[in-house]
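Start at 1 and go down the list; that is how both ligands and their atoms are numbered.
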Amino acid sequence: MQEIILIKMGELTLKGLNKHVFEDALLRNLRRALAPLGEVRVRSAQSAIYVEPKTPDYDMDEAAARVGRVFGIVQYARACQVEKTMDAVRAGAAEYLAAALEDAHTFKVNAKRADKRFPVGSPEICAELGADLLARFPHLSVDVHQPDVTVNVEIRDFGAYIHGTQLHGAGGIPVGTGGRAAVLISGGIDSPVAAWTIAKRGVELTPVHFASPPYTSERAEQKVIDLLKKVSAYSGPMTLRIVPFTEIQEHIANDCPEELFTIIMRRYMMKIAERIAQRAQAQALVTGESLGQVASQTIQAIGCTDEAVKTMPVFRPLIGMDKEEIIRIARRIDTFETSILPYEDCCTVFTPKHPRTRPILHYVVEAEQKMDEEALIARAIDGIRRVKIGE
Ligand code: ATP
Ligand code: MG
């Protein structure tokens, strides 16, 4: 009995999006996610994708977990593949779902005959297999409305497939079908969730992190790398840009009014991220800002931050979320425990005592005039280090 993973594409065929582009990206992302686990065949037919291990010791638990993190899949199942005969279907179902059927009180059979050459129709498959399972597991009874176990049988191109529960996929759209965005990544809770949320919509990520050594440590950088590894389990591999930010922060601290420090710093981050995005052929910026969360995230402050970016949209996928909602996602994608490690971020190093919560753009721009912005940004970009993330 061969176990495979069966992924249905029915629900995820999108309006207006080219089906082949979508399917090719999904196959590519699945193959990449599964490659480290050993030899496997990933192929599509009849609006389904089949993940077929080529070795008997293939780690199906890990494979199923990885499939569950590939965007573009709503539901999938681990299934056993048998010959297309009723004998094989009866024997396969009884063996493959034995444990679940032993524990259950009620069950039903769902049958689908995608291969119309198969001589037995769906209602007959249900009746025959149902009767056979009742004979083999006499403690069971049939409940078509709320069964403990549903025995699914699908007669398809390459064989007959039997599976129990459907698993929930990560949803979303395959990464690589929606362009590219540069995402500003701190070591906090919010920005990794923002990155994941945008990747879920099919977008490839170019992460950008601002570091201020010696005020920020190597451990803080490693934390960002660790967070991005978690995100890359969903989004695929990416290349982090680490931007040296110390000189700019020191200049702001010396040359600008203290209450405008944070907003001017954030504008510099956006301007540099915009240049990085342009070079990386990205079409948008992403931040983890959420309205009202801190002084720099009032409407007025976000307005001033936004104005610094001239050539592309800035996405803030968390803008309307409460911290609780953000934390729920952070736990789900397993970034939370890393995010709460207490290493300093460049934002927390120079924090004004009384930040201006309603900055007025005119004064902010005037304060910035004292600095040689072009030279500072050019030096920061010159000092960028790249770190590859993900398998
Ligand atoms: P986070 O939890 O993502 O750190 P936050 O609630 O702490 O967010 P801020 O520190 O004000 O909020 O940062 C707002 C956004 O600015 C972050 O979500 C992130 O997108 C970006 N950002 C902040 N610090 C950095 C940094 N050192 N490098 C890159 N981006 C940063
Ligand atoms: Mg932060």
Check: What pairs with P213 under side-chain contact (heavy atoms from CB on, under 4.5 Å), at least two apart in sequence or on another chain?
Finding: A211, T216, T246
Notebook entry, point to check: Does any N or O atom in K323 lie less than 3.5 angstrom from one in ligand 1, N or O only?
Noted result: no
Item checked: Check: F245 ring centroid to Y268 ring centroid under 6.0 Å -> no
Item checked: Side-chain hydrophobic cluster, 4.5 Å single linkage: members besides Y363 -> I360
Check: Cation-pi between R43 and F158: NZ/CZ under 6.0 Å from ring centre and within 45° of the ring axis?
Finding: yes
Note to self: Test your reading of the structure: does G187 have an N or O sitting under 3.5 Å from an N or O of ligand 1?
What the structure shows: no
Notebook entry, point to check: If you round to the nearest 0.5 Å, how far is CG of N152 from CD of E154?
Noted result: 6.5 Å
Check: Going by the atom numbers of ligand 1, which of them fall below 4.0 Å from some non-hydrogen atom of G288?
Finding: 17 (C), 18 (O), 20 (O)
Notebook entry, point to check: To the nearest 0.5 Å, how far apart are CG in L285 and OG1 in T206?
Noted result: 10.5 Å
Notebook entry, point to check: What about F210: any of its N or O atoms under 3.5 Å from an N or O on ligand 1?
Noted result: yes
Next item on the list: Record the part of V208 in heavy-atom contact with ligand 1 below 4.0 Å; permitted values are side chain, backbone, both and neither.
Entry: backbone
Next item on the list: Return a yes/no value for L184: is any of its N or O atoms, backbone included, closer than 3.5 angstrom to an N or O of ligand 1?
Entry: yes
Next item on the list: Taking only heavy atoms of S191 into account, list the atoms of ligand 1 that are under 4.0 Å away from them.
Entry: 1 (P), 3 (O), 18 (O), 19 (C), 20 (O)
Next item on the list: Have a look at M269, R241, Q297 and point out the one with the heavy atom closest to atom 11 (O) of ligand 1.
Entry: Q297
Item checked: V286 N/O to ligand 1 N/O under 3.5 Å -> no
Checklist line | Nearest neighbour of atom 13 (O) of ligand 1 from the list R266, M265, E289, on a heavy-atom basis | finding: R266
Item checked: Under 4.0 Å to a heavy atom of I185 - the qualifying atoms of ligand 1, by number -> 26 (C), 28 (N), 29 (C), 30 (N)
Next item on the list: Would you mind listing which atoms of ligand 1 come within a distance below 4.0 Å of any non-hydrogen atom of I189?
Entry: 2 (O)
Next item on the list: Please identify which atoms of ligand 1 are closer than 4.0 Å to at least one heavy atom of T287.
Entry: 20 (O)
Note to self: What I want to check is whether the side chains of S212 and Q249 have a donor and an acceptor closer together than 3.5 Å.
What the structure shows: yes
Next item on the list: Look up atom CG in L101 and atom CG in L140, then write down how far apart they are to the nearest 0.5 Å.
Entry: 6.0 Å
Checklist line | G188 neighbourhood, listing ligand 1 atoms whose heavy-atom distance to it stays under 4.0 Å | finding: 1 (P), 2 (O), 4 (O)
Note to self: So, taking the atom named CD in Q81 and the one named CD1 in I4, what distance separates them when rounded to the nearest 0.5 Å?
What the structure shows: 5.5 Å
